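Structure record follows, encoded as structure tokens.
Throughout, residue positions are numbered sequentially from 1 according to the sequence presented. Just so we're clear, the structure is a prediction, and the values are computed from it rather than from any experiment. Every number for a ligand or one of its atoms is a count from 1 in the order of the listing.
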Amino acid sequence: MSVTVRVPAKVNVQLGVGGLRADGFHDLANVFFAVALGDEVTAADGEPGTGITLTCSGPDADAVPLDDGNLAARAARLLAAHHGLAEPDLRLHIAKAIPVAGGMAGGSADGAAALVACDALWELRTPVEVLLELAAELGSDVPFALLGGVALGRGRGEILEALPVGGTFHWVFAVADGGLSTPAVFRECDRLREEAGTGSSDTDVATPDADPGLLAALAEGDAAALAGALANDLQPAALSLRPALADTLRAGTEAGAIGALVSGSGPTCAFLAKDADSAAAVAEALRRSGTCRAAHATYGPVPGAEVLGAEVFGG
Ligand code: ATP
């Protein structure tokens with residue numbers, strides 16, 4: 001028996017970053033948006049005694065760790081432990097389309113997909129609230145990959161509130177060569193704040209909040225208004241670590257994108273287009289520009305991790 005789950009990548013249409021807390025985290029006001037660019041994770045029963053085995057396919061497959069640290073494997077283990085099951089004999093395959101270490105929460109997406117796939121494979125029927133709790137244990141971006149759509153994340157991003165959206169938005173993602181480490185980008189954000197003299201602790205920086213104009217643009221399905229409200233407090237840090245991203249942002253804007261920003265901690269750049277035709281033209285122009293490794297036109301919002309199908313092998 002095998003179960004395949006499709007899971008979306010995310011872009012943060014707003015990423016407000018508060019000051020550094022004593023526990024090492026930052027308070028975030030994070031508006032997550034799920035896009036149709038996604039991974040597929042297949043879970044299947046393994047031979048007895050083999051434990052969890054992982055395989056990965058796709059252009060970035062070499063960059064995906066296939067050890068115990070992979071979020072899909074950790075998710076399977078966590079779900080089994082939650083239900084008091086023994087170490088599972090499980091084959092997990094990740095068909096990877098989300099850029100690795102690209103600021104689109106690809107690893108978190110695979111963790112969410114593995115939770116849903118194993119829950120179906122093992123016929124556990126875990127309530128969604130429990131899956132969300134397990135997801136939050138795996139990482140602060142994992143619950144959103146379960147939920148999908150558009151949501152406001154608070155705290156470290158794990159406290160989620162679904163938001164209303166009045167239409168489909170068209171996006172282009174420009175994939176850079178190599179990734180950026182999310183902790184390194186947060187450290188650079190703190191360093192830039194210190195350098196600017198504003199201070200970087202949570203007593204220096206106001207607690208971020210969702211932008212009402214951005215929420216209204218989403219609710220009305222107004223792409224031009226959303227384009228004007230896109231905001232990412234990590235963008236200066238990502239640009240400081242990877243100055244060439246400014247060329248990518250410029251290339252997409254010159255090609256007709258109505259909004260442009262670094263996706264999360266980067267280095268993937270996200271562009272909002274006025275419609276699907278414009279998105280296709282922006283993607284083509286970005287490919288020709290030589291400022292990125294690949295460019296994908298896509299859309300959203302889309303649902304979170306969902307079962308695509310189950311297959312029974314051997315009768
Ligand atoms: P985020 O936007 O949540 O900060 P990201 O999109 O920048 O994350 P990921 O693709 O999630 O980055 O990968 C970050 C690191 O997580 C990788 O460098 C890799 O070592 C590790 N990782 C663990 N599991 C996976 C997975 N299934 N796919 C990709 N990376 C994984």
Give the C-alpha distance, both sets of side-chain angles, the deciding distance and a yes or no for salt bridge (Lys or Arg N to Asp or Glu O under 4.0 Å) between D27 and R21. CA-CA 8 Å; D27 270 318; R21 304 190 316 209; 2.9 Å; yes
Could you tell me whether ligand 1 has any atom less than 4.0 Å away from a heavy atom of P65? yes
Under 4.0 Å from a heavy atom of T182: give me the atoms of ligand 1 that qualify, with their elements. 1 (P), 4 (O), 7 (O)
Pull out every atom of ligand 1 sitting under 4.0 Å from any heavy atom of V100, numbered as shown with elements. 10 (O)
Polar side chain donor-acceptor pair, H26 to D190, under 3.5 angstrom: yes
CZ of R154 to OG of S140: how many Å apart, nearest 0.5 Å? 15.5 Å
Just to be sure I'm reading this right: ignoring hydrogens, which of A105, G139, A145, G106 gets closest to atom 2 (O) of ligand 1? Compare them by their nearest heavy atoms. A105
Residues R293, D177: salt bridge by 4.0 Å N-O rule: yes
Could you tell me whether atom 16 (O) of ligand 1 has at least one protein heavy atom nearer than 4.0 Å? no
Of S265, G107, S108, which has the heavy atom at the shortest distance from atom 25 (C) of ligand 1? G107
G103, G111, A101: member with heavy atom nearest to atom 12 (O) of ligand 1: A101
Would you list the pairs meeting salt bridge (Lys or Arg N to Asp or Glu O under 4.0 Å) in which at least one residue belongs to residues 109-137, sequence neighbours left out? K96-D110
Do any non-hydrogen protein atoms sit less than 4.0 Å from atom 19 (C) of ligand 1? yes
Run the numbers for me: atoms of ligand 1, each under 4.0 Å from some heavy atom of K10, listed by number. 2 (O)
If you measure every N/O of A63 against every N/O of ligand 1, is any gap under 3.5 Å? no
Within a strict 4.5 Å, meaning less than it, do heavy atoms of the F173 and F271 side chains meet? no
Can you list the atoms of ligand 1 that are under 4.0 Å from a heavy atom of M104? 2 (O), 6 (O)
Within 4.0 Å of some non-hydrogen atom of L71, the atoms of ligand 1 are 23 (C), 24 (N)
Is it the side chain, the backbone, both or neither of N70 that has a heavy atom closer than 4.0 Å to ligand 1? both
Suppose I only count heavy atoms of D141 and a 4.0 Å limit; which atoms of ligand 1 are within that range? 1 (P), 2 (O), 3 (O)
D247 bridged to R250 by N-O distance under 4.0 Å: yes
Side-chain donor-acceptor pair present, T4, T42, cut-off under 3.5 Å: yes
Examine ligand 1 and decide if any of its atoms is less than 4.0 Å from a heavy atom belonging to R74. no
Just by distance, no angles: are the side chains of E188 and S240 close enough, under 3.5 Å, to form a donor-acceptor pair? yes
Numbered atoms of ligand 1 (with element) below 4.0 Å of D110, judged on heavy atoms: 26 (C), 27 (N), 28 (N)
Identify, by atom number and element, the atoms of ligand 1 in contact range of K96, meaning under 4.0 Å from any of its heavy atoms. 28 (N), 29 (C)
So, T298 and H170: side-chain donor and acceptor under 3.5 Å apart, yes or no? no
L249: which of V262, L261, T291 passes side-chain contact (heavy atoms from CB on, under 4.5 Å): V262
